[in-house]
There are 2 protein chains.
Amino acid sequence: MKDSIASELRGMLVFARVIDSGNFTRAAKTLGISRAVTSYQVKQLEKRLGVQLINRSTRALSLTSAGKLYYDKCKVIAEQAESAHQMIENLKADAVGRLSISCPVHLGLQWVVPLATAYRRRYPQVELELNLSESISNLVQDGIDLAIRSGPLADSELRSTKLATVSRHICASPDYLNLRGWPQSLNELDKHEWIVYHRLGNQLTLTRDDKDYSIKMTGTLRTNNAAARLQFALSGMGLAVLPHYDAAKAFNSGQLVELFPDYHLPPLELYAVFPDGIEKVKASRLMIDMLKNSPP
Amino acid sequence: MKDSIASELRGMLVFARVIDSGNFTRAAKTLGISRAVTSYQVKQLEKRLGVQLINRSTRALSLTSAGKLYYDKCKVIAEQAESAHQMIENLKADAVGRLSISCPVHLGLQWVVPLATAYRRRYPQVELELNLSESISNLVQDGIDLAIRSGPLADSELRSTKLATVSRHICASPDYLNLRGWPQSLNELDKHEWIVYHRLGNQLTLTRDDKDYSIKMTGTLRTNNAAARLQFALSGMGLAVLPHYDAAKAFNSGQLVELFPDYHLPPLELYAVFPDGIEKVKASRLMIDMLKNSPP
DNA sequence: TTCATTGTCAAAATTATACTGACAATAAGT
DNA sequence: ACTTATTGTCAGTATAATTTTGACAATGAA
């Protein structure tokens, strides 16, 4: 930082404090530095500006006219620097500010939107921005504070915390099963149509009594959209692996039934991913807590 | 400067520049520092605040919500710091700002007041403050930019420049001389009354053809006020040593006559005394020039 | 793929900043 | 007029901060 304004800033702060204090000694004390440095800083500033700001005698100070004008500016800057710092402290202490959240579309609609509504009601001073998108790439570009993703993101720059564990279930509509047959064992599954969720591949691992069973999902219906997958399943297009939050409603209404409930699928792990320090911001912390306390 | 706001200021400036530039590399270039420092400064700032301000990936930047709010503050501070510096530069380049002048009362009334009137007309953007006072002590206390004094001030803190050399003359009113006699030689002077100016002592040294003549001023009329001295002289109370600006008018109107015009008195040396760097301020420089160009 | 560019890092070099203990100048009290 | 305490500054030194350099992995473009 050769000769930029930056070098002046510290001097400006010291200078302002000297004027506020009325003398160098008191200023030094309140700044927590020695008298010598205080003197040096102001002298350096004056040298840099080329104009003397303070008329000194050993027992009295006064501002030159240039100093008076300059002091007013310094005072404002000092206050604003203080206020900027304070604002960050406020963000950490109170539910204020802004919070931008990124979330996969379907999960967002099912889970985050209702929660965000409650959040806004509870913390009206926080401006919420909910960005629903599947793509994970523009997380940085879009200035996201909090991204909700399934699976921990292997990114050293970002921190993450687990929000919820969502069980998954093999589902089908009664109509479909009546048509194609209700499978009694895992072996019969390969005679069925699967609605394959694009991002998960077509290998499926089930667990029962600590034993793993591997299944290959066969089928021609593929989608990268979770809502579409649900609709296909409801329309009786085949078997689908659905997260609990999609499945539960359909089970209750009888639109879907669960197959092989004794076997467990590896659950969906939902993580919050965020830049370091964001968890110290109260608005973010409260949102994370809320997400953890109200799993989908 | 342990942990005060001051340490943050440099970081704030760098941070703002990074955002303005869109990336660290360009910011570093415009700041004239290396990429590494730029990164370091922002990181340091974030560490200090406890919150990440910038979402980084190697090819894209974005602000966190906290960063957005903080940026706005930084931007204002950067602009104001720039403007403070610019203001000083303006003071040096243009006739603007304020200028406070201190001057002995009588000299001020005779000389500076008329000049200040012309100055104000010529440079209306300069706020003038004229402080007429004999005392030299509160020069610092009163925040004077420019003090006019007779004789160079032996003060290492302050700079000074000679404004004018004012000749002095031995004067008396014709009435007084008719009453007490017109002295023909220096020897007769000790029979006369002197109006003694307090600050100059009562020893007088005259010069003629490189030869010095010492005279002791006798008399009971003493004053520390230059205007009073003039009035006493005009009223025929005795001989007085008057500066040219007081004597000239009276000579022209015949109210006073000069004695021993061939002998020269050590002249009054008028100096401008001011803090270092004030001569770089245009308003001051113009005033000093004007004083030099229009001697009393 | 290859290539150039980005942000960051670690170690070293350099600079800025800080403290200490003096000093002369001043003001207040006696 | 004398002492006493306080002030701002200085010189020399110590310390902490900043900066440079050269490297690195990550990333996007060709």
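None of the values given here were measured: they were computed from a predicted structure. Chain naming here is simple, since letters A, B, ... match the order of the sequence lines and numbering starts at 1 in each.
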Asker: Which nucleotide in the set dT18(D), dC19(C), dT21(D) lies at the smallest distance from any side-chain heavy atom of R10(B)?
Answerer: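 Nucleotide nearest to R10(B)'s side chain: dT18(D).
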Asker: Please identify each residue that fulfils side-chain hydrogen bond (donor to acceptor under 3.5 Å, both in side chains) with Q44(A), with sequence neighbours left out.
Answerer: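 Partners of Q44(A) by the side-chain hydrogen bond (donor to acceptor under 3.5 Å, both in side chains) criterion come out as none, since no residue qualifies.
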Asker: How close or far is atom C1' of dT9(D) from atom CG of D276(B), stated in whole angstroms?
Answerer: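 So the CG-C1' distance, D276(B) to dT9(D), works out to 15 Å.
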Asker: Looking at dT18(D), dT9(D), dT20(C), which one has an atom nearest to any side-chain atom of Q41(B)?
Answerer: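 Nearest listed nucleotide: dT18(D).
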Asker: Excluding sequence neighbours, so at least two apart, what forms side-chain contact (heavy atoms from CB on, under 4.5 Å) with L132(B)?
Answerer: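 side-chain contact (heavy atoms from CB on, under 4.5 Å) check on L132(B) returns C103(B), V105(B), L109(B), L130(B).
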Asker: Suppose we screen for side-chain contact (heavy atoms from CB on, under 4.5 Å). Which residues come up paired with K47(B), at least two apart in sequence or across chains?
Answerer: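 Partners of K47(B) by the side-chain contact (heavy atoms from CB on, under 4.5 Å) criterion come out as none, since no residue qualifies.
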Asker: Just to verify, what does A93(B) make a side-chain contact (heavy atoms from CB on, under 4.5 Å) with, not counting sequence neighbours?
Answerer: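 A93(B) satisfies side-chain contact (heavy atoms from CB on, under 4.5 Å) with no other residue.
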Asker: Separation of K43(B) atom NZ from dA17(D) atom C1', in whole Å?
Answerer: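 Atom NZ in K43(B) sits about 18 Å away from atom C1' in dA17(D).
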Asker: Nearest whole angstrom, please: distance from the P of dT19(D) to the CD of Q44(B).
Answerer: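 Value for this atom pair: 11 Å.
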Asker: Thinking salt bridges, do K43(A) and E46(A) make one under a 4.0 Å N-O criterion?
Answerer: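 So K43(A) does not pair with E46(A) through a salt bridge.
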Asker: Can you tell me if S34(B) touches the phosphate of dT19(D), counting only side-chain N or O atoms and a distance under 4.0 Å to OP1 or OP2?
Answerer: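 Looking at the OP1 and OP2 atoms of dT19(D), neither is under 4.0 Å from any side-chain N or O of S34(B).
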Asker: Among all residues two or more places apart in sequence or in another chain, which pass the side-chain hydrogen bond (donor to acceptor under 3.5 Å, both in side chains) test with K292(A)?
Answerer: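 If we apply the side-chain hydrogen bond (donor to acceptor under 3.5 Å, both in side chains) test to K292(A), skipping adjacent residues, the hits are T161(A).
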Asker: Once you round it to whole Å, what is the distance between P of dA16(C) and CG of L9(A)?
Answerer: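 In whole Å, dA16(C) P and L9(A) CG are 16 Å from each other.
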Asker: Whole angstroms only, please: what is the CD1-P distance between I33(B) and dA13(C)?
Answerer: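 One finds 22 Å between P of dA13(C) and CD1 of I33(B), rounded.
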Asker: Rounded to whole Å, please give me the gap between OH in Y40(B) and P in dA17(D).
Answerer: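 Atom-to-atom, Y40(B) to dA17(D), this comes out as 7 Å.
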Asker: Return the angle between end axes of the helix from dT1(C)-dA30(D) to dT30(C)-dA1(D), with five pairs used per end and rounding to 10°.
Answerer: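 Axis-to-axis angle, ends of the helix: 40°.
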Asker: Could you list the donor-acceptor pairs under 3.5 angstrom formed between side-chain atoms of residues 63-75 of chain B and any protein atom two or more places apart in sequence or on another chain?
Answerer:
residue: T64(B); atom: OG1; partner: Q52(B); partner atom: O; Å: 2.9
residue: T64(B); atom: OG1; partner: L53(B); partner atom: O; Å: 3.2
residue: T64(B); atom: OG1; partner: G67(B); partner atom: N; Å: 3.0
residue: S65(B); atom: OG; partner: D145(A); partner atom: OD2; Å: 2.3
residue: Y71(B); atom: OH; partner: D20(B); partner atom: OD1; Å: 2.3
residue: K73(B); atom: NZ; partner: S83(A); partner atom: OG; Å: 3.0
residue: K75(B); atom: NZ; partner: D20(B); partner atom: OD2; Å: 2.6

Asker: Please name all residues satisfying side-chain contact (heavy atoms from CB on, under 4.5 Å) with K29(B), sequence neighbours left out, ordered by chain then number.
Answerer: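 K29(B): no side-chain contact (heavy atoms from CB on, under 4.5 Å) contacts found.
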Asker: Check nucleotides 4-7 of chain C for protein N or O atoms closer than 3.5 Å to its own N or O atoms and list the pairs.
Answerer:
residue: dT5(C); atom: O2; partner: R59(B); partner atom: NH1; Å: 2.6
residue: dG7(C); atom: OP1; partner: F24(B); partner atom: N; Å: 2.7
residue: dG7(C); atom: OP2; partner: T25(B); partner atom: N; Å: 2.9
residue: dG7(C); atom: OP2; partner: T25(B); partner atom: OG1; Å: 2.5
residue: dG7(C); atom: N7; partner: R35(B); partner atom: NH1; Å: 3.1

Asker: Salt bridge check, E269(A) against K162(A): does any charged N sit closer than 4.0 Å to a carboxylate O?
Answerer: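 Answer for the salt bridge query: yes.
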